[in-house]
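Protein chains get the first letters and strands the later ones, always in sequence-line order, with residue 1 at the start of each.
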There are 2 protein chains.
Amino acid sequence: MSPQLAAMTGILKDRGIRLTAERRAILKGIHSCGGHFDADTLLDHFRRRGDRVSRATIYRTLGTLVEIGLLRKIEMGDRQSLYEPVEGREHHEHMICLHCGEIIEFVEPEIERLQDEVCRRSGFTPQDHTLQIYGICYACNCENVAGESGTAGAGR
Amino acid sequence: MSPQLAAMTGILKDRGIRLTAERRAILKGIHSCGGHFDADTLLDHFRRRGDRVSRATIYRTLGTLVEIGLLRKIEMGDRQSLYEPVEGREHHEHMICLHCGEIIEFVEPEIERLQDEVCRRSGFTPQDHTLQIYGICYACNCENVAGESGTAGAGR
DNA sequence: TCTAAATTGAGAATCTGTCTCAACTGGAGA
DNA sequence: TCTCCAGTTGAGACAGATTCTCAATTTAGA
């Protein structure tokens, strides 16, 4: 068991959340997915491996993991939510490539500070925020310059 | 017909988009709604007035208006989209009160500038972005200090 | 006025996600 | 190790927003 996985299961135990076979599988699945993933990807992952974890359990468990701070939920606007492990990483925002779907993380503390300032000015108490920049990533830009086959497509 | 409405219909004509009775009604409805609205609000608006515009037409037309830049679509994360007229207004972001649902607009050019800088650094070509801050608005803050009935509720 | 093409309406379909409830199970205590 | 029960699960119904389908209708140019 990887140290991260061990840490996660430890946190569940500490919180008095039962370590069921399904939850173990989901934690493992999250790590094998790497970065960002959605509920359906995880469901497919289990189906392909022959593990049986129901849709309801996946959604429930992802919700629990968000609640206890092990995952972060990112609302993508295309009415599908993505999740990403938090594991002590800095709070970051996302650039999303409309061409290849790549998600690039970035950290810009000055933006965070300005947001806080805006809130203070309006007497607004911030609890959470999302900043997403949609556009074309470096790789797709290069490709397009090379290929130049016309419109990039990829909705939104 | 208001000058804004005239301008909007002019834009539709210029684009070769047919001016049907339903589209006229939707344009008028958008203006009478004022600020932010969702597809369902618009549908209700028509139902109450006795106008008959189908749900499909509303969604289709709103999509068209976003496409040609007359409306801006705001994804709220609770998997319902809001729309707002663009009509030459400055690009702004939103603070959303989790308690009363109030949407407060704000402009912060410095944040925009920093975003552009981040993109430039990554070779990312930005096309659009969304920044939403969730929290508790001034009015609800005051109310809570006065009432102090416990948790504010309102999920997320 | 005619006509082709665009648009509409009604309701089915889809897509995420949540809920229900009977069956199951982890793990604390005996 | 055994028991027990509160917490969990699975299957599928359900929900809400949005999109799709396709026949009927309408717009706008000729």
- Over how many whole Å does the gap from Leu12(B) atom CG to dA6(C) atom P extend? 16 Å
- salt_bridge(Glu110(B), Arg113(B)) N-O dist < 4.0 Å: yes
- Message: Please determine whether side chain to side chain donor-acceptor pair (under 3.5 Å) holds for the pair Thr64(B) and Thr61(B), giving the CA-CA distance in whole Å, both sets of side-chain angles, and the decisive distance to 0.1 Å.
- Response: CA-CA 5 Å; Thr64(B) 305; Thr61(B) 304; 5.6 Å; no
- Query: Do Glu75(B) and Arg79(A) meet the salt-bridge criterion of a basic N to acidic O distance under 4.0 Å?
  - Reply: yes
- Query: For the pair made of CZ in Arg15(B) and P in dA6(C), what is the distance, rounded to whole Å?
  - Reply: 17 Å
- Would you check if the side chain of His92(B) reaches a backbone N or O of Glu90(B) as a donor-acceptor pair within less than 3.5 Å? yes
- Task: Determine: side-chain N/O of Tyr59(B) to OP1/OP2 of dT19(D), distance under 4.0 Å, yes or no.
- Result: no
- Task: Report the distance from atom CD of Gln80(A) to atom P of dT19(D), rounded to the nearest whole Å.
- Result: 15 Å
- Message: I want to verify a distance call: between dG9(C), dG10(D), dG17(C), whose nearest atom is closest to the Arg55(A) side chain?
- Response: dG17(C)
- Query: Looking at Ser81(A), does any N or O in its side chain come under 4.0 Å of the phosphate oxygens OP1/OP2 on dG17(C)?
  - Reply: yes
- Message: I'd like to know if Arg60(A) reaches the base of dG10(D) with its side chain such that a donor and an acceptor end up less than 3.5 angstrom apart.
- Response: yes
- Note on the structure: Of dT7(C), dT18(D), dG17(C), the nucleotide closest to the side chain of Arg23(B) is dT7(C)
- Item | Distance in angstrom units between Leu82(B) CG and dG16(D) P, rounded | 18 Å
- Message: What is the separation between atom CG on Leu42(A) and atom C1' on dT16(C), rounded to the nearest whole Å?
- Response: 15 Å
- Message: Measure CZ/Arg52(B) against P/dG11(C) and give the value in whole Å, please.
- Response: 11 Å
- Task: Could you tell me whether the side chain of Arg72(B) and the main chain of Val66(B) form a donor-acceptor pair under 3.5 Å?
- Result: no
- In B/S/- notation (B base, S sugar-phosphate only, - none; protein heavy atoms under 4.0 Å), nucleotides 25-30 of chain D written 5' to 3' is -BBS--
- Query: What's the CG-P distance between Leu65(B) and dT7(C), to the nearest Å?
  - Reply: 12 Å
- Euclidean distance, atom CD1 of residue Ile58(A) to atom C1' of dC15(C) [Å, nearest integer]: 16 Å
- Query: Think Ser54(A) has a side-chain N or O under 4.0 angstrom from the OP1 or OP2 of dA11(D)?
  - Reply: no
- Nucleotide nearest Ala56(B) (side chain, heavy atoms from C-beta), chosen from dG10(D), dT8(C), dG11(C): dG11(C)
- Message: Quick check on Glu67(B): does its CD atom have over 12 non-hydrogen neighbours (other residues, nucleotides or ligands) under 6.0 Å away?
- Response: no
- Message: Measuring only between side-chain heavy atoms, which start at C-beta, is Leu43(B) closer than 4.5 Å to Tyr59(B)?
- Response: no
